[in-house]
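Remember, it's a predicted structure, so these values are computed and weren't measured experimentally. Both backbone and side-chain heavy atoms feed into the values below; hydrogens, waters and symmetry mates do not. One-based numbering, in listed order, for ligands and for the atoms of each. Sequence positions, counted from 1, serve as the residue numbers for this chain.
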Amino acid sequence: MINSIKDCVTLNNGVKMPWLGLGVWQVTRPDELDFAVKTALEAGYASIDTAAVYGNEEGVGKAVRESGIPREQLFITTKVWNGAQRKGYDAVLRAFEESRKALGLDYIDLYLIHWPVKGKYVEAWKALIKLYNDGLVRAIGVSNFLIHHLEEIINETGVVPAVNQVELHPWLNQSELVEYCKKHGIQVEAYSPLMNGHLREVAELNDIARKYGKTPAQIVLRWDLQRGIIVIPKSVHKERIIENSQIFDFNISEEDMQAINSLNRNKRFLPHPDNVNF
Ligand code: NDP
């Protein structure tokens, strides 16, 4: 039962990762970023999800340091971008070093391959394994990996990713991938859990939300938690950052869980991972 903002899931290497984190994609204005990260940390979030390509690692690192919260109480995720992946193994190692410097951290909690670049992601995975073995990162994982990508890196290296961060929301419930990951001990993390701002288009959530005295956003995030999925909603507004964290004090019934599951349309707002041409 997940009933506190401080609750964590234990990843397949024993590392504990919070169920809730703040996403900071598209938060590039320094004042806005600073406000969002500090507000989230004050509200009890312990996890921040950034990426080299978001261009805001420096700001995240600064806000985290200024919060005064001890480093070991925080969980920082960043990701290697496709450009470095295309250049190969050494470039991935260099990209990691750049991210670590920008964040101003001694170690990263979770380092992810951002997208599976065809013909390159096995090599990138080998670089992440080196970073892990060198003790520079507490856990390594992937993002936007389909089952065939996961199978390939596992078969090639024998190392199972700790996390797969994928687009996941009521219109893309990813049931098959979630089942595969559960079976193999890979923790699923939902990105764009609030459909990158399209949540209000899902009219069916309003009735369910009313029933629980919660908002549609809280219903969706709780639905994720009850499926055993980590969530990283993004907001730059204090009320919403707090709203998105008030998901630990209620339970959605099995019937309503099924009702939300049935909204699936296999609709993606981001590209299909087999078409990475960026
Ligand atoms: P989300 O699904 O989290 O939705 C964010 C949008 O919803 C914003 O427009 C935000 O507006 C709005 N919003 C936030 N809270 C609420 C609320 N309670 N009620 C109504 N609207 C709300 O979008 P993201 O696509 O940003 O995904 C979250 C995070 O996932 C990213 O920030 C990033 O860290 C990660 N991600 C990873 C990807 C990958 O390839 N690995 C790809 C995409 C995202 P406002 O800010 O104005 O409040």
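Of the heavy atoms in Pro193, both backbone and side-chain atoms come closer than 4.0 Å to ligand 1. Under 4.0 angstrom from ligand 1, the non-hydrogen atoms of Met195 all belong to its backbone. Residue contacts with ligand 1 for Val27 are absent, since no atom lies close enough (heavy atoms, distance under 4.0 Å). The part of Val24 lying near ligand 1 is the backbone, judged by heavy-atom distances below 4.0 Å. If you look at Ser192 next to ligand 1, the close heavy atoms, those under 4.0 Å, come from the backbone and the side chain alike. If you look at Leu270 next to ligand 1, the close heavy atoms, those under 4.0 Å, all belong to the side chain.
Residue contacts with ligand 1 include Val236, since one of its heavy atoms falls under 4.0 Å from the ligand. Look at Phe269 and you'll find every heavy atom at least 4.0 Å from all atoms of ligand 1. Within the 4.0 Å heavy-atom shell around ligand 1 one does not find Thr215.
Counting only heavy atoms of the protein, atom 5 (C) of ligand 1 lies nearest to Lys234 O, 3.4 Å. Closest to atom 44 (C) of ligand 1 among all protein heavy atoms lies Tyr191 CD1, 3.5 Å.
Between the side chain of Asn82 and the main chain of Phe278, a donor-acceptor pair closer than 3.5 Å is present. Of the possible polar contacts, one joining the Asn12 side chain to the Pro161 backbone as a donor-acceptor pair under 3.5 Å is found.
Heavy atoms of other residues, nucleotides or ligands lying less than 6.0 angstrom from CD of Glu176 number 12 at most.
Between Arg94 and Glu97 there is no salt bridge, since none of the side-chain N atoms of the basic residue sits less than 4.0 Å from a carboxylate O of the acidic one.
For a threshold of 3.5 Å applied to N or O pairs, the pair formed by Lys79 and ligand 1 contains no separation below that value.
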